[in-house]
S.K.: 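Could you have a look at this structure, given as structure tokens, before my questions?
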There are 2 protein chains.
Amino acid sequence: MPFSEVSTRRNVGAHLERVPKATLRAHIVERLRLAILAGDIPPGAPLVETALSERFDVSRGPLREALRQLIEEGLVVTVPYTGTRVAELSVEDVQEIYSLRTVLETFAFEQVWPRRDDRFRAELRRRNEALIATIDAGDDRASILTELEFHGLVYEASGHRLLQRAWHGLRGRLQLYWAAHHRAHGRRGPKRDSHDSYIKAAFGTDFEAMKAEIADHMRRGMETTEKFLRTRPDLSGKPKRRANS
Amino acid sequence: MPFSEVSTRRNVGAHLERVPKATLRAHIVERLRLAILAGDIPPGAPLVETALSERFDVSRGPLREALRQLIEEGLVVTVPYTGTRVAELSVEDVQEIYSLRTVLETFAFEQVWPRRDDRFRAELRRRNEALIATIDAGDDRASILTELEFHGLVYEASGHRLLQRAWHGLRGRLQLYWAAHHRAHGRRGPKRDSHDSYIKAAFGTDFEAMKAEIADHMRRGMETTEKFLRTRPDLSGKPKRRANS
DNA sequence: CCACCTGACATTGTCGACAATCGACGATCA
DNA sequence: TGATCGTCGATTGTCGACAATGTCAGGTGG
């Protein structure tokens, strides 16, 4: 049994950087996810396997597996024997994203807070400056990504892998939404000073103030979101069919 | 384009119950997940595609897609071109599960609490009685499932789909752990009175008390878990290779 | 004009075979 | 003896063809 229960082999090449050969599937997942999150393939658009397999120049096998993964990430929905589409977010979905995100981000801060981690704080400042630079450059799409990277730092610093995993799920859905927002409204990235009080609280000593700041930040995001989605009744309240097991 | 953007078709059979034909993939996912969660295939055991496809009498195509889904659920890990195994939980993993679960379950209660939902409370009592009945019957394996169903009620009642999704992810990993626990230690299901104070708090009016009760419940679970896992150093601290994208 | 039936077609689901890669064992040489 | 290299088998990755299913358009009868 070559794929033995416990490997006894000497790890001869361990000092070398392990560069596992990339699989087509992994490549497709990245490219397809990017295309969806960038808005190249908008929410609700059909994802026909044969068309995609031709577009990415692979057979349907790896492509289907890539789709499975994106389904699990919530970026794609499918109905057996019928079709696959880019997921659409309803108002309720976005409300859920922000409410859950409030809880998770508060928890993440709770993990980082007692450590008084200076490297974390420095990096937080650095990312905020990077965000401001991107906003000043006028690149809305990049601003959204930089904004999410800013918030992502807290989850990274928490060292909580399951929490990071949950954040990634939320982040993907948020990108999906912001991409649609951007396409519909044009320039509407985050504001230049939107994190000033957030940062201030993060450097303070009052954890309750930090909690309030997170909640407020989320509330603002949710309000913007709802205002946008209510102008598009086609995206709200639709009971989307989720058929994967 | 038959798979049109917006269907204009009259929904002729809408009054009939839609029973979409089950796919093999969905069937395999269920069976394989059950086999893993029940402990029939223990953590760390190799999942060879050809062997499984023969066992379940399907080709490797649907089987691989099923595996992808279980990978995304965190029940299975894989290394490209090398092999697939049932996931193993380290002490750190279990700590993360319980800490995150504390946060999520508190949040879930926060959603249900203001509603003073009598149906919810009645169902909570009912499930607790079901749990006690299962414990009295001496069926440890069923007790674990019933215990998880008891806690699952809060997530269901919250009406928060994203939260329920997160709970399912945690629940799967918990089942994975408890199955291993059961296999190693035998009879060790939940105690008969383990939810008495939990229920009491849920019927009270003091939300802080409820929060404390949840935290305490999780703390007890985590302690039991750690005690068990520390007797099995083979399961702890191992940096498991997670290779999916 | 509306409800229903029927057939064709688009799309996804499944299969079997072949290719690529990895890990283990044994041969070889210092 | 010990390390290095080549070879081989096991396993996963990929492909193309065929089958199953759902949807839509048109026709038919009331």
S.K.: Which listed nucleotide (C:dG13, D:dT14, D:dT12) is nearest to the side chain of A:P80?
M.R.: C:dG13
S.K.: Nearest to the side chain of B:T84 - D:dT12, D:dC15, C:dG13?
M.R.: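 My answer, after comparing the listed nucleotides, is D:dT12.
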S.K.: For the pair A:W167 and A:Y155, name the ring-plane relationship: parallel under 30°, tilted 30 to 60°, perpendicular over 60°.
M.R.: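 The rings of A:W167 and A:Y155 lie parallel, inter-plane angle below 30°.
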S.K.: Output the rounded distance in Å from CG (B:L47) to C1' (D:dA10).
M.R.: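 These atoms are roughly 16 Å apart.
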S.K.: Using a strict heavy-atom distance below 4.0 Å, which residues from residues 58-65 of chain A are in contact with DNA chain C?
M.R.: A:R60, A:R64
S.K.: What nucleotide, of C:dT14, D:dG13, D:dT21, holds the atom closest to the side chain of B:T23?
M.R.: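 Of C:dT14, D:dG13, D:dT21, C:dT14 is nearest to the side chain of B:T23.
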S.K.: How many whole angstroms separate atom CZ of B:R25 from atom C1' of C:dC15?
M.R.: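 After rounding, the gap between these two atoms is 15 Å.
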S.K.: Going by salt bridge (charged side-chain N to carboxylate O under 4.0 Å, His left out), name the residues that satisfy it together with B:R64, two or more places apart in sequence or in a different chain.
M.R.: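 Here the qualifying residues are A:E65, B:E49.
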S.K.: Rounded off to whole Å, could you give me the CG-to-C1' distance for the A:L52 and C:dT11 pair?
M.R.: 12 Å
S.K.: How close or far is atom C1' of D:dT12 from atom CZ of B:R68, stated in whole angstroms?
M.R.: 9 Å
S.K.: Ring pair (Phe, Tyr, Trp, His ring centres under 6.0 Å) with A:H151: which residues, sequence neighbours excluded?
M.R.: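 For A:H151 the ring pair (Phe, Tyr, Trp, His ring centres under 6.0 Å) partners, ignoring immediate neighbours, are A:H195, A:Y198, A:H217.
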S.K.: Could you list the donor-acceptor pairs under 3.5 angstrom formed between side-chain atoms of residues 36-48 of chain B and any protein atom two or more places apart in sequence or on another chain?
M.R.:
none

S.K.: From the set D:dT12, D:dA20, D:dC15, return the single nucleotide nearest to any side-chain atom of A:Y81.
M.R.: D:dA20
S.K.: Evaluate whether atom CD of A:E223 has more than 12 neighbouring non-hydrogen atoms of other residues, nucleotides or ligands under 6.0 angstrom away.
M.R.: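 Counting other residues, nucleotides and ligands, CD of A:E223 exceeds 12 neighbours.
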S.K.: Output all residues satisfying salt bridge (charged side-chain N to carboxylate O under 4.0 Å, His left out) with A:E123, sequence neighbours left out; order by chain, then residue number.
M.R.: A:R126, A:R127
S.K.: Does A:R85 have a side-chain nitrogen or oxygen under 4.0 Å from the phosphate oxygens OP1 or OP2 of C:dT12?
M.R.: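 Negative; the distance criterion is not met.
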S.K.: Take the protein atom CG of B:D57 and the nucleotide atom C1' of C:dT14, then report the distance between them rounded to whole Å.
M.R.: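 After rounding, the reported distance stands at 12 Å.
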S.K.: Partners of A:Q111 by side chain to side chain donor-acceptor pair (under 3.5 Å), sequence neighbours excluded?
M.R.: none
S.K.: Output the rounded distance in Å from CG (B:L24) to P (D:dC18).
M.R.: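 In whole Å, D:dC18 P and B:L24 CG are 20 Å from each other.
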S.K.: Expressed as a whole number of angstroms, how long is the span from B:E54:CD to D:dT11:C1'?
M.R.: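 Atom CD in B:E54 sits about 15 Å away from atom C1' in D:dT11.
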